[in-house]
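Encoded as structure tokens, the structure appears first; notes follow it.
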Amino acid sequence: MADPKGFMKTPRQDWPRRPVEERVKDWDEVYVPGALLPIISKQADRCMDCGIPFCHDACPLGNLIPEWNDLVAREDWRAAADRLHATNNFPEFTGRLCPAPCEAGCVLAINQPAVTIKNVECAIADHAWEEGFAPPRPPDRLSGRTVAVIGSGPTGLAAAQQLTRAGHTVAVYEKDDRIGGLMRYGIPEFKMEKHHLERRIEQMRAEGTKFRTSTAVGRDIGAAELRSRYDAVVIATGATAWRELAVPGRELSGIHQAMEYLPLANRVCEGDLESSPMSAAGKHVVIVGGGDTGADCLGTAVREGAASVTQLDIYAQPGAERDEDTEPWPTYPKLYRLSAAHEEARDLRTAPAADADARLFAASTLRFTGDADGHVRSLHLVEVDAGRRPLPGTGRTLPADLVLLALGFSGPDRGDGLIDQLGLELEPRGTLARDAGFATNAPGVFAAGDAARGQSLIVWAIAEGRAVAAAVDRHLTGSSRLPAPISPYDRPMTV
């Protein structure tokens, strides 16, 4: 603990964002470049060295947060990078994309703003790359065992890196033309610039991991054939089966799933397209769904030049403070949070009729109506109570030339044939069934990440990847020294 009184003397200070009117004109990350490092040592000094660090339990990775906070406060960046990478393969991803349940579990958060754990993590990761503290770590010797990892999201990449470093020969199969999964084509550039992803991929290549892109297992290569080539297979395809909205008018053109829309905008940033064929430019956009994916659509539509953007959330607007009766510390509370995209929408007044920023809360979609050409033009909604029952007399209509459905995901997509070809069993909710060792009913086939857990956070995805790697290593060699931070049955802290 560098300063025992740091949490009493220093107020919380977050990484400042660039001005709204500046950042909506480009696709660069929203934060002021270089503005984090000058403030972060003092922010790390706010860590209380509380003795029982609940931030550890709040984070499924078990990040050693008080340790690297202390090291950053003392400006020992190399040691901080070592402690951070001891539990997290990709801290620059989580430092940008994770909603930070660790901060909700911070002891200081009982009655003060929490330590800026996420910002400290990001600063360590970025500084580690700048100073060469994150070199490739190839194994000293090879085991002679081979593993196929299907899916290159955070779970697949974490599993592949851990297994490669343990000495196994690992190949990652990705159906898209580039590695990264939803981090590549689902996360907008303004949330995480893709050079962070490219840097890790190159590190993994240098360590020995092989990558096979544009290869959908089950379609481009038979699942049984792949299984016969390798000693073990890890399925980390994610939960990509999106939820539908079964209301009248859904068949109209101009209504798309969020994950049809976002990849096209990302491909524009990659240089694959001049412009998106689903561009929001000049259109009245309505986003159905109040989560992070909806916020990503919001920020993207604003940058594309939408005439208006409104986001519908079926839940009531949450409060600004934690409800200690229903969501006591250290659980992760549902609060009114202002993401960068919502801040932009608020300042630019993209949705004048909204309750707050661009959001309409407690709003349920009734139907869509269109024009004579069959294109959507209006969305009809109604306010609902806590039980999602319509409130009489609250119906309203929004102009809508482009509707984006961001309703979440139910489990892995079965379209490629992977699940059926391997004869994999499913849970009632549609996710892959597995035992306590991450193994499916197919011999030598393991399942991890959202495909088995269900839609979750990036920290849970990486924790799953690390844990399944330990299980596979044990399956191949009889024992494992790889860390296993979670079991398949662990869940976030709740009341």
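Treat the numbers as computed from the prediction; the structure is a model and nothing was measured. Scope of the values below: all heavy atoms of this structure, side chains included, with no hydrogens, waters or symmetry mates. This chain uses plain numbering: 1 for the first residue, then up along the sequence.
Between Asp82 and Arg78 there is no salt bridge, since no side-chain nitrogen of the basic residue lies less than 4.0 Å from a carboxylate oxygen of the acidic one. Ion pairing of Arg359 with Asp357 is present here, as a side-chain N (NZ or NE/NH1/NH2) and a carboxylate O approach within less than 4.0 Å. Salt bridge Asp3/Lys9: present, at least one basic N to carboxylate O contact under 4.0 Å. Classification of Arg303 and Glu189 as a salt-bridged pair fails, no side-chain N sitting under 4.0 Å from a carboxylate O. Using a 4.0 Å cut-off between charged nitrogen and carboxylate oxygen, Arg96 and Asp126 count as a salt-bridge pair.
Around the CZ atom of Arg429, the shell of radius 6.0 Å holds more than 12 heavy atoms that belong to other residues, nucleotides or ligands. For Glu321, the CD atom counts as loosely surrounded, since its 6.0 Å shell holds 12 or fewer non-hydrogen atoms of other residues, nucleotides or ligands. Taking a 6.0 Å sphere around CZ of Arg205, one finds it holds more than 12 heavy atoms contributed by other residues, nucleotides or ligands. Around the NZ atom of Lys194, the shell of radius 6.0 Å holds more than 12 heavy atoms that belong to other residues, nucleotides or ligands.
Proximity of Asp416 to Val217: side-chain heavy atoms (C-beta onward) are nowhere separated by under 4.5 Å. Counting heavy atoms from C-beta on, the side chains of Thr116 and Gln13 never come closer than 4.5 Å. Contact annotation: the side chain of Arg227 approaches that of Val445 to within less than 4.5 Å [non-hydrogen atoms, C-beta and beyond]. Contact of the Asp177 side chain with the Asp272 side chain is registered, since non-hydrogen atoms from C-beta on lie closer than 4.5 Å. The shortest distance between side-chain heavy atoms of His127 and Leu37 falls below 4.5 Å. No side-chain heavy atom of Lys118 sits less than 4.5 Å from a side-chain heavy atom of Cys102. Counting heavy atoms from C-beta on, the side chains of Glu244 and Gln257 come closer than 4.5 Å. Looking at heavy atoms from C-beta onward, His342 lies out of side-chain contact with Tyr336 at the 4.5 angstrom threshold.
Counting only N and O atoms by type, the side chains of Thr87 and Asn63 include a donor and acceptor under 3.5 Å apart. When only modelled atom types and interatomic distance are considered, Glu92 and Trp129 share a side-chain donor-acceptor pair under 3.5 Å. Using a 3.5 Å distance cut-off with no hydrogens or angles, the side chains of Asp45 and Thr10 do not pair a donor with an acceptor.
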Q: With salt bridge (charged side-chain N to carboxylate O under 4.0 Å, His left out) as the test, would you mind laying out the steps for Glu202 and Arg199 before giving the verdict?
A: CA-CA 5 Å; Glu202 289 307 309; Arg199 193 164 50 187; over 6 Å; no
Q | Verdict with reasoning, Asp296 to Lys191, per salt bridge (charged side-chain N to carboxylate O under 4.0 Å, His left out) | A | CA-CA 8 Å; Asp296 293 344; Lys191 284 183 71 174; 3.1 Å; yes
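Because its NZ or CZ atom is not both nearer than 6.0 Å to the ring centre of Phe446 and within 45° of the ring axis, Arg434 does not count as a cation-pi partner of that residue. At least one test fails for Arg145 against the ring of Tyr230: distance under 6.0 Å to the centre or angle within 45° of the axis.
Within the model, atoms CE of Met493 and CD of Glu327 stand 12.5 Å from one another, a figure rounded to the nearest 0.5 Å. Put simply, CZ on Phe54 and SG on Cys106 are 11.5 Å apart, with the number rounded to the nearest 0.5 Å.
Ring geometry for Tyr31 versus Trp15: interplanar angle under 30°, hence parallel rather than tilted (30 to 60°).
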